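Computed from a predicted structure; not experimentally measured.
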Amino acid sequence: MIHVLKNKLFLVALLVALFAGTLSGGTSVKPAFAQLGGGTCGPGTPGMGAYVFGVVEYGFGVIETFPVGIIATEENVNYTREWMVTDFFNGCIIDIFFKEHILPAMMMMTEQLSAVGMQQVSAIGMFMDAKHQQETQRLFQELSAQAHKDYQPSEELCSLGSVMKSLGASDRNADLTALMMTERSLKRQLGNANSNASEGPKEDREGRLEQFRRRYCDPNDNDGGLASICVSGGNNATKNKDVDYARTMAFPQTLNINFSDNTLTDDEEDVIALASNLFSHDVFTRIAPSTLEVAANQDEYLNVRSVIAKRSVAEHSFNTILGMKTAGSNAAGTSQYMSAMLQELGMSAADAQSLIGANPSYYAQMELLTKSIFQRPEFFVGLYDKPTNVARKGVALQALALMQDRDTFKSNLRSEAILSVLLEMEVMRLQEDVQNRLPRMVDSGPKN
């Protein structure tokens, strides 16, 4: 093959493998090439091999030939070029060497490469399948570990849930007590039959005085002047509890009150006596039935009822606070959990039990859940917990805050009712002034 590189004056004839017979010195190139095989790639006369390497300067200058004995003339060079381009390249390289050897080899190589490529793709697919399998297993393991982490119980959260078990039942008891106290007060003021004040203020005061002498009298009061009327020197445990709001109602967190049974407890007797001294100390004189038969007198009875209604609004706040401190339900064992939490604050078991009582009230439970629980170091230590448990505690505290907001809302409603009654009483005075001036009005218009 002759290559002309960048139009330089070179012509390089590369190695040409020729199989030829015996060459005689001085013979012409054309017959020699004929002997070398002519236009074929097959071997000539066996036993003799030769090759030609020619460097021909462009313009046919000096020619060197190998092996010696082949004369390189311009004709021989042209013939050699034509033979290499046509016979050797097309016949030998293309038809025989390429088609019979290279092309089949390349076809087999292509087939093998395709098969190997498919095997590689299969291997890649297996790698991808293994990757997805490992990722799925890892995801399952992560979710399992996360679930195991998230659903581990928190002792502090369980404490909150244990104390709140009977909160709803205690709240209902509080409503019942407030309702019963309101009904008792109305019966006392209205002179309901079989009540202590049914016959009027005289009987009411006699019954209360007898109770005072027996239960609440302190011989040292009135400069020791009560010693003569106190029965058996007075009861040290209940002295003046009928007038001591702090000791009777404010400080105790749970009062042994249950109006659903027929047993009168000490706390029930004390709060009823206190309520009688605080509200409606003087009940109305009872109106004889014959007096009410007169139509003009019936209006006065409506005035009596109006005063009682206004008193019931004021007394309702007292009754509601009393209801919140009424003994609740201990069916869920709330008392023991509350006692354990109070002992963590440094209280003894006996003191804790004395504070909350055997059946903790709604007030006692809310006092612990919204105040005392945060005074325990264990609460803050419990915040070093898993994020999910900390979030659960946050939700529980939000629920307690909602209950507190609800209690505050009810308190605001009671305050609003009291303020509205006070405003009505002020308006009544103005109305009376206007009403008194109406009869004195002078008609200054024209007279017929």
Side-chain angles (χ1 to χ4, degrees), residues 173-217 229 231 235 238-250 252 255-292 297-327 414 417-418 420-422 424-425 428:
N173 286 348
D175 295 338
L176 176 63
T177 298
L179 182 62
M180 295 301 296
M181 286 294 294
T182 301
E183 185 177 355
R184 183 212 68 87
S185 178
L186 289 176
K187 288 182 178 181
R188 173 174 172 264
Q189 296 181 67
L190 293 173
N192 190 273
N194 301 320
S195 66
N196 182 58
S198 60
E199 296 182 2
K202 181 178 180 297
E203 183 182 21
D204 178 67
R205 286 178 177 271
E206 289 177 353
R208 290 164 59 192
L209 182 60
E210 186 278 329
Q211 184 187 46
F212 164 72
R213 295 177 57 191
R214 172 179 52 84
R215 185 171 179 82
Y216 305 113
C217 183
I229 67 173
V231 177
N235 189 339
T238 60
K239 287 179 180 180
N240 293 325
K241 288 195 72 175
D242 61 332
V243 294
D244 192 349
Y245 176 82
R247 189 159 59 103
T248 304
M249 270 194 58
L255 296 172
N256 185 19
I257 296 175
N258 183 9
F259 290 122
S260 62
D261 57 15
N262 295 323
T263 303
L264 181 65
T265 65
D266 292 340
D267 287 340
E268 290 174 353
E269 186 175 1
D270 294 340
V271 297
I272 290 175
L274 177 63
S276 297
N277 286 329
L278 287 174
F279 304 97
S280 306
H281 173 65
D282 291 323
V283 298
F284 286 100
T285 302
R286 305 308 171 205
I287 303 174
S290 59
T291 303
L292 289 176
N297 296 333
Q298 293 176 1
D299 290 339
E300 292 300 325
Y301 187 69
L302 290 180
N303 293 333
V304 171
R305 296 181 65 84
S306 176
V307 174
I308 294 175
K310 292 177 176 61
R311 283 177 175 173
S312 68
V313 175
E315 192 174 0
H316 178 60
S317 293
F318 175 86
N319 295 337
T320 301
I321 297 173
L322 177 62
M324 295 174 64
K325 295 195 173 186
T326 299
R414 294 191 297 271
I418 293 175
S420 65
V421 172
L422 291 175
E424 170 63 17
M425 295 176 66
M428 286 177 63

Review point. Hey, mind stepping through R414 and T320 against side-chain contact (heavy atoms from CB on, under 4.5 Å) and telling me if it holds?
Key: CA-CA 9 Å; R414 294 191 297 271; T320 301; 3.2 Å; yes
Review point. Which is it for T182 and N319 under the side-chain hydrogen bond (donor to acceptor under 3.5 Å, both in side chains) test, yes or no, and what are the steps along the way?
Key: CA-CA 7 Å; T182 301; N319 295 337; 3.1 Å; yes
Exercise for review: Determine, step by step, whether Q189 and S185 satisfy the side-chain hydrogen bond (donor to acceptor under 3.5 Å, both in side chains) criterion, reporting the C-alpha distance in whole Å, the side-chain angles of both residues, the deciding distance to 0.1 Å, and the verdict.
Suggested key: CA-CA 6 Å; Q189 296 181 67; S185 178; 3.0 Å; yes
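In this structure, the side chain of S312 engages the main chain of A309 through a donor-acceptor pair within 3.5 Å. Side chain of N192 to main chain of K187: no donor-acceptor pair is present (N/O by atom type, distance under 3.5 Å, no hydrogens or angles). T326 places a side-chain N or O within donor-acceptor distance of the main-chain N or O of L322, the cut-off being under 3.5 Å. With hydrogens and angles disregarded, a donor-acceptor distance shorter than 3.5 Å links the side chain of N297 to the backbone of T291. In this structure, K325 contributes its side chain and A250 its backbone to a donor-acceptor pair below 3.5 Å.
Contact record, A197 with E203: C-OE1, 4.4 Å, taken as the closest heavy-atom pair. Minimum heavy-atom separation, R208 to S276: NH2-O, 3.5 Å. When all heavy atoms of A193 and S198 are compared, the pair lying nearest together is CA-CB, 4.2 Å. Considering every non-hydrogen atom in both H281 and R188, the closest pair reads O-NH2, 3.8 Å. Contact between M181 and A275 at its shortest, heavy atoms only, is CE-CB, 4.1 Å. Taking every heavy atom of both residues into account, I229 and C217 meet most closely at CG1-SG, 4.3 Å.
The side chain to side chain donor-acceptor pair (under 3.5 Å) test with Y216 singles out one residue from N277, D244, D270, D242, and that residue is D270.
For R184, the side-chain hydrogen bond (donor to acceptor under 3.5 Å, both in side chains) criterion is met by no residue, not counting sequence neighbours. Scanning for side-chain hydrogen bond (donor to acceptor under 3.5 Å, both in side chains) contacts around E268 gives an empty result, with sequence neighbours left out. Residues that satisfy the side-chain hydrogen bond (donor to acceptor under 3.5 Å, both in side chains) test with S290, not counting sequence neighbours, are absent from this structure. Scanning for side-chain contact (heavy atoms from CB on, under 4.5 Å) contacts around E206 gives K202, with sequence neighbours left out. Under the ring pair (Phe, Tyr, Trp, His ring centres under 6.0 Å) criterion, F279 pairs with F318, sequence neighbours left out. Considering only residues two or more places apart in sequence or on other chains, N240 meets the side-chain hydrogen bond (donor to acceptor under 3.5 Å, both in side chains) condition with D221.
E300 is not listed as a side-chain neighbour of I287, based on a closest heavy-atom distance of 4.5 Å or more. In this structure, L190 and F284 have side chains that are not in contact, with every pair of non-hydrogen atoms separated by 4.5 Å or more. Residues V271 and M249 form a side-chain contact, since some pair of their non-hydrogen atoms from C-beta on lies under 4.5 Å apart.
Of the inter-residue distances, the one linking I272 atom CD1 with I257 atom CD1 reads 8.0 Å to the nearest 0.5 angstrom. Taking CG of L278 as the start and OG1 of T248 as the end, the distance is 9.5 Å to the nearest 0.5 Å. The OG1 atom of T238 sits 8.5 Å away from atom CZ of R214, with the distance rounded to the nearest 0.5 Å. One distance of note links CG of L186 with OG of S195; it measures 11.5 Å at 0.5 Å rounding. Between the CG atom of N173 and the CG atom of N258 there is a distance of 7.0 Å, given to the nearest 0.5 Å. Here the CD atom belonging to E210 is positioned 9.5 Å from the CG atom belonging to N196, to the nearest 0.5 angstrom.
Using a cutoff of 4.0 Å between basic side-chain nitrogens and carboxylate oxygens, R215 and D266 are scored as salt-bridged.
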